[in-house]
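Both backbone and side-chain heavy atoms feed into the values below; hydrogens, waters and symmetry mates do not.
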Amino acid sequence: MFEKEEVEIIGTVEDVSVHIDETGFTVLELCSEDDEFITVVGVLPEIAAGEKLTVRGSFDTHPLYGRQLRATSCVRSMPTGAEDLYKYLSSGTVKGIGPATAQKIIEKFGEDSFDILESHPERLCEIKGISREKANTICTEFSRQFAVRQTLIALEKYGMTARESLNTYKIFGFNAVETVRNNPYLLCAEGIGINFERVDAIAASLPDSPPEAYRIRAGVLHVLRHNLGNGHTCLPREKMLIPAGELLGADEDTLNSAIDSLITDRQLESAVLDGKEFLFIPSAYRAERNAARRIKVLCSFPPAGKPTLLQDIENIEYSLDIKYEQKQKSAIITAVEKGVLILTGGPGTGKTTTINGMISLFKKDKLRIALAAPTGRAAKRMSEITGMQAKTIHRLLEVEWDDSDTQRFARNERNPIEADVLIVDELSMIDIYLFSSLLDALPLGCRLIMVGDSDQLPPVGAGNVLHDMIESGMLPVVELKEVFRQAQRSLIVTNAHKIVGGELPDLSRTDSDFFFMPRQNAQRAVQTVCELVGTRLPKAFGYSPVNDIQVLCPSRKGEMGTFNLNRRLQEVINPPSKDKKEQTVGLFRFREGDKVMHIKNNYDILWKKPDGEEGSGVFNGDIGTIISIRPDGVTKIRFDDGRECSYFPDTMRELELAYAVTVHKSQGNEFEAVVLPILFTPERLAYRNLLYTAVTRAKKMLVTVGDENQIYRMARNDKKSRRYSALKSFLVEDNDGK
């Protein structure tokens with residue numbers, strides 16, 4: 001995709017036709033120094049008519065609105081001339097001043113108007129109709145807005161975006177500029193989140209270099225936050241020193257001194273686990289500590305209940321026309337009597353029938369049952385197999401946000417969920433933050449049944465919740481291993497169990513639901529994947545290329561990665577058409593009808609379902625389809641669970657094409673048919689539980705394309721990338737631990 005030429009335009013704002021506070025999306029009319037009127041579109045701070053702007057961006061042509069400048073940056077200065085002053089004051093940006101009052105102020109004071117408003121409010125009383133009280137109100141509001149704008153203008157000169165500048169102002173107020181000049185590394189903090197490399201550049205541009213200690217401390221925190229994104233909730237202290245030293249060019253003594261000071265200031269937490277010191281970002285430390293504490297309470301104070309008789313289970317077997325094996329019976333009894341249970345097992349081992357047995361008993365005892373899963377797809381599947389409503393965990397906890405756009409849950413220790421039993425599915429993909437919040441919302445005496453597959457990949461987020469709880473030995477765990485006869489007829493199921501057991505999958509059969517198509521050449525493999533999704537599987541089995549078939553890739557990169565395959569699959573499945581509107585955002589060209597995935601939790605996006613239900617929040621891994629792209633760039637998307645959302649151009653950056661997604665991103669989802677290319681897979685991704693996770697995403701059909709030897713090597717490779725977490729250690733330590 002070619003890069004458009006970037007230009008710089010200087011001009012005065014004539015009119016602001018659109019400004020959305022929540023997103024910053026703005027459409028304005030700019031009169032350039034050449035007296036040319038230019039429509040500017042982009043994410044910009046609140047701007048008023050009359051302001052002078054220096055805008056950088058590139059031109060494109062909108063099908064309805066014509067030529068537009070897509071702004072990538074904007075530097076502002078306050079209006080100076082009388083005409084521009086009038087435009088600014090009459091725009092309504094200053095409370096108490098409308099067009100008539102603005103005209104009176106300009107006629108009376110001319111180009112001295114700003115000075116009067118800022119420094120001599122009493123002189124406004126010289127204008128007929130403005131009382132002293134109204135004059136003070138106008139000038140107070142003007143001073144506040146002027147200070148905010150001057151602050152944002154000053155911050156934007158450091159190369160910060162409008163949103164970053166606004167977030168910085170929200171945190172540091174009118175002292176933001178001075179704060180940044182004294183210690184720019186505070187911009188790395190949560191709530192602003194500018195990456196360390198950019199802040200380093202800002203620091204280098206300052207007239208006075210900040211103390212090196214600020215840089216060292218920020219660099220240490222950066223390394224920990226970066227690894228939090230890789231799934232680690234903590235790192236051994238000695239393992240911190242190498243990457244931090246390489247990043248900062250600092251020796252071990254300097255780094256250790258910085259670490260000690262961060263611990264003293266409680267910007268880092270430290271804990272000794274198995275005789276080794278580990279370092280934590282405080283939020284991760286609190287989440288793991290809290291989760292361990294809540295689990296201990298649940299195990300120590302089980303809910304009251306009568307013993308489960310085998311006769312009760314036999315009655316369930318009779319009513320459901322099934323026969324439980326011994327471990328399933330054990331799981332049902334444990335769930336009822338102990339109140340806490342981890343139920344784990346691979347495909348075809350009877351987790352679903354076991355859960356339904358538990359639900360039957362809980363219903364018999366008239367207990368209030370809540371069902372939850374991490375993703376919309378997983379919740380929908382849970383509803384289908386139980387016949388009861390299941391919610392995403394975020395919906396169950398009633399996610400909301402405060403004035404600082406910080407996520408919080410309405411359901412917590414003070415306002416727990418209204419349930420006697422909570423059954424949570426797909427536990428393997430729940431990160432420590434969400435798990436800790438979920439435990440906080442459990443009322444005293446609530447039973448907790450956690451269901452998952454311990455052989456799948458760990459969560460995309462930080463932590464290793466399921467693995468740590470099983471390894472701790474502190475909770476009742478029932479692992480279902482027996483594959484039922486009906487499931488044995490599925491080659492997907494039997495091959496999945498072979499893979500997890502280290503055996504080679506059967507790639508020879510062509511009479512079942514697991515097929516292998518050998519390809520040694522990347523171009524041929526890509527062509528085969530496109531043919532399978534675009535024509536062969538839809539023609540042979542009636543599958544929809546968008547709704548039923550999912551391509552899963554080990555990696556994003558390379559010819560067999562998601563980026564290349566999405567581009568190729570889009571050409572086949574949803575080619576350009578004069579009837580389909582398009583827009584380019586970042587690396588992707590989206591068009592109506594495209595399959596997309598949301599890649600970052602966003603709690604602000606509003607949604608509505610066809611039945612009238614409304615809410616907010618779209619989450620990492622949610623898959624949907626673009627319904628429409630409006631001329632103003634607003635895009636409507638319908639997600640698989642029925643939610644419909646409107647995306648503005650800036651939030652479109654949180655979407656990717658989803659004809660092909662990584663195996664990691666597919667966790668918690670099941671698809672009617674999966675196409676799995678395995679060819680030239682990077683060594684770091686060629687391991688068993690990634691292959692197993694991919695295979696178990698397929699519900700009715702799996703087609704692997706590529707190199708059988710590589711598939712065999714992955715099945716044999718049980719090496720797992722080390723993930724540092726502390727939940728296990730916190731669970732097994734004495735109850736009076738820190």
Side-chain angles (χ1 to χ4, degrees), residues 289-316 319 324 327-344 351-373 382 386-391 393 396-398 409-427 430 434-452 465-466 468-470 472-480 727 730-732 735:
R289 278 286 181 197
N290 182 65
R293 178 180 64 84
R294 298 287 295 181
I295 287 291
K296 289 177 183 178
V297 170
L298 286 172
C299 292
S300 300
F301 300 98
K306 63 182 182 180
T308 303
L309 302 176
L310 288 176
Q311 183 62 50
D312 294 325
I313 295 177
E314 289 174 3
N315 291 340
I316 295 171
S319 64
Y324 289 119
K327 283 201 171 184
Q328 290 178 297
K329 293 178 182 178
S330 174
I332 295 171
I333 292 170
T334 303
V336 174
E337 295 185 350
K338 298 289 186 185
V340 181
L341 170 69
I342 294 175
L343 177 64
T344 184
K351 294 196 298 292
T352 297
T353 52
T354 305
I355 293 168
N356 283 333
M358 295 174 188
I359 289 173
S360 295
L361 279 180
F362 293 140
K363 282 183 175 178
K364 180 184 173 185
D365 290 337
K366 295 183 169 51
L367 298 180
R368 296 170 300 172
I369 305 165
L371 307 180
M382 201 177 187
T386 62
M388 296 178 61
Q389 183 191 34
K391 297 180 179 180
I393 297 174
L396 178 74
L397 299 182
E398 298 176 17
F409 294 109
R411 296 293 182 174
N412 48 44
E413 281 186 280
R414 294 178 298 281
N415 181 31
I417 62 173
E418 297 170 0
D420 303 306
V421 180
L422 174 62
I423 302 175
V424 184
D425 199 9
E426 295 289 355
L427 190 70
I430 300 176
L434 187 57
F435 186 62
S436 177
S437 297
L438 181 65
L439 294 175
D440 278 342
L442 290 184
L444 195 64
C446 182
R447 290 170 171 81
L448 176 62
I449 292 94
M450 298 170 281
V451 185
V465 171
L466 178 58
D468 278 1
M469 287 195 295
I470 293 173
S472 74
M474 298 291 290
L475 293 88
V477 178
V478 175
E479 182 181 5
L480 303 179
L727 181 58
F730 292 162
L731 281 169
V732 301
N735 287 335

(request) Give the intermediate values and the outcome of side chain to side chain contact (heavy atoms under 4.5 Å, CB included) for residues L371 and D425. (result) CA-CA 8 Å; L371 307 180; D425 199 9; over 6 Å; no

(message) Would I295 and F435 count as a side chain to side chain contact (heavy atoms under 4.5 Å, CB included) here? Give the steps.
(response) CA-CA 11 Å; I295 287 291; F435 186 62; 4.1 Å; yes

(message) Is there a side chain to side chain contact (heavy atoms under 4.5 Å, CB included) between I355 and I449? Walk through the geometry before answering.
(response) CA-CA 9 Å; I355 293 168; I449 292 94; 5.7 Å; no

(request) Could you go through the side chain to side chain contact (heavy atoms under 4.5 Å, CB included) check for N412 and N415 one step at a time? (result) CA-CA 5 Å; N412 48 44; N415 181 31; 3.8 Å; yes

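For the pair L422/L438, a side-chain contact is recorded, criterion being any heavy-atom separation below 4.5 Å from C-beta on. In this structure, the side chains of D365 and D420 stay at 4.5 Å or more apart for every pair of heavy atoms. Within the 4.5 Å cutoff, the side chain of L731 has heavy atoms near those of the L727 side chain. Annotation: side chain of L439 is in contact with side chain of L298 (closest heavy-atom distance under 4.5 Å). When side chains are defined from C-beta on, T386 does not count as touching I369, because their heavy atoms never get closer than 4.5 Å. At least one side-chain heavy atom of L341 sits less than 4.5 Å from a side-chain heavy atom of V478. Residues K351 and L480 have side chains in contact (heavy-atom distance under 4.5 Å, counting atoms from C-beta outward). Contact of the M450 side chain with the I430 side chain is not registered, since no non-hydrogen atoms from C-beta on lie closer than 4.5 Å.
In terms of heavy atoms, S436 sits closest to A291 at OG-N, 4.2 Å. Heavy-atom minimum distance, M388 versus I359: SD-CG2, 3.6 Å.
Remark: K327 NZ is packed, more than 12 non-hydrogen atoms of other residues, nucleotides or ligands lying under 6.0 Å away.
No donor-acceptor pair under 3.5 Å is formed between the side chain of D440 and the backbone N or O of E413. Under a 3.5 Å cut-off, the side chain of R294 and the backbone N or O of L442 do form a donor-acceptor pair. Under the 3.5 Å distance criterion, the side-chain polar atoms of S300 are left unmatched by any main-chain donor or acceptor of V297. Y324 places a side-chain N or O within donor-acceptor distance of the main-chain N or O of T353, the cut-off being under 3.5 Å. The main-chain N or O of G452 is found under 3.5 Å from a side-chain atom of T344 such that the two form a donor-acceptor pair.
Atom CD of E426 is separated from atom CE of M382 by 9.5 Å, given to the nearest 0.5 angstrom. With values rounded to the nearest 0.5 angstrom, I313 atom CD1 is found 7.0 Å from L361 atom CG. If you take CZ on R447 and CZ on R368, they are separated by 12.0 Å, rounding to the nearest 0.5 Å. Going from atom CG of L396 over to atom NZ of K391 covers 6.5 Å, rounded to the nearest 0.5 Å.
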